[in-house]
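To start, the structure under review is shown below, and the notes come after it.
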Amino acid sequence: MKRLIFLGPPGAGKGTQAQILSDTYQIPHISTGDILREAVKEQTPLGQKAQSYMDQGELVPDDLILDLIKERLSQSDTAQGWILDGFPRNVSQASFLEKLLAELDLAADCALNLEVPDEVLVERLLARKRKDDNEETIRRRLEIYYKDTVPVINFYRERNTLKPVNGNASMEEVTASLKAIIEH
Ligand code: ADP
C-alpha cells in the first residue's frame, strides 16, 4: 500500500515523476491540475467555474476541490494506494485530507517535496508553453506557492512525514531518489 503526496513548486516535475511512479507501482496518479484542465476542456460546471482562476494563476476555491478529492479517493482503484499531485495546495486542504483519511482509518505514508531553485522553475515553465504558462501567471503562481503552499511543507514536517528530494537533477536521477525513499 502506497499513499504518496507530491509537493513542490510549479515546474518542479511533480506531474512527470508522479506518472512514472504511478506506472511503476500500479497506483493511480491523481492530479488536481489535470482533472481541472479536463473539466475546462469539457466545459463542465466545475470547468466553467475554475477557468478564470486557472488562467490568472490563482488557486481555485477550496469548495470546488474538496468534494472532488473526497469523491476521487473513494473510487475502487485507490485500494492499493495513490499519488496525489497538486493537492493539498494550502493548509486548509491539508487538514481536510488528514481528516478524510482518518475517517477511512488511513494516513498518507509521506509527503515528497521536490526542491528546485526559482530560476530553474521559470525557465522550465516558459519552455513548456501550456496555456497558463506566460511570464505574468508564472510569477503569480510562484507567489501563491510561497504564500499558500510552503506552509503545507511545514504541516508535513511537523508530522514527521516530509521527505525532501532534490528536483534539480536529471529525470532519471529524480526518479531514483524518489524510489529510494519510497522503498527504503
Ligand atoms: P503546476 O504543476 O504548474 O503547479 P497544476 O497543473 O498543478 O500546475 O495546476 C494548474 C492550476 O490548477 C493551478 O494554477 C490552480 O489554478 C489549479 N489547481 C490545481 N490544483 C489545485 C488545488 N489543489 N487547489 C486549488 N487550485 C488548484
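Just follow the structure's listing: the first ligand is 1, and inside any ligand the first atom is 1.
Between D109 and K2 no salt bridge is recorded (no basic side-chain N to carboxylate O distance below 4.0 Å).
Side-chain contact between F155 and S95: present, with at least one pair of heavy atoms (C-beta onward) separated by less than 4.5 Å.
Protein residues with any heavy atom under 4.0 Å from ligand 1: P10, K14, T32, G33, L36, R37, M54, E58, L59, V60, I65, G86, F87, R89, Q93, R128, R130, R141.
Residues Q75 and T78 have side chains that never bring a donor and an acceptor to within less than 3.5 angstrom of each other.
With respect to D133, the salt bridge (Lys or Arg N to Asp or Glu O under 4.0 Å) criterion is satisfied by exactly one of R139, R128, R140: R128.
Judged by distance alone, with hydrogens and angles left aside, the side-chain atoms of Q26 form a donor-acceptor pair with the main-chain N or O of D23 at under 3.5 Å.
For R141 and Y145, the positive end is not near the middle of the six-membered ring at less than 6.0 Å and at most 45° from its axis.
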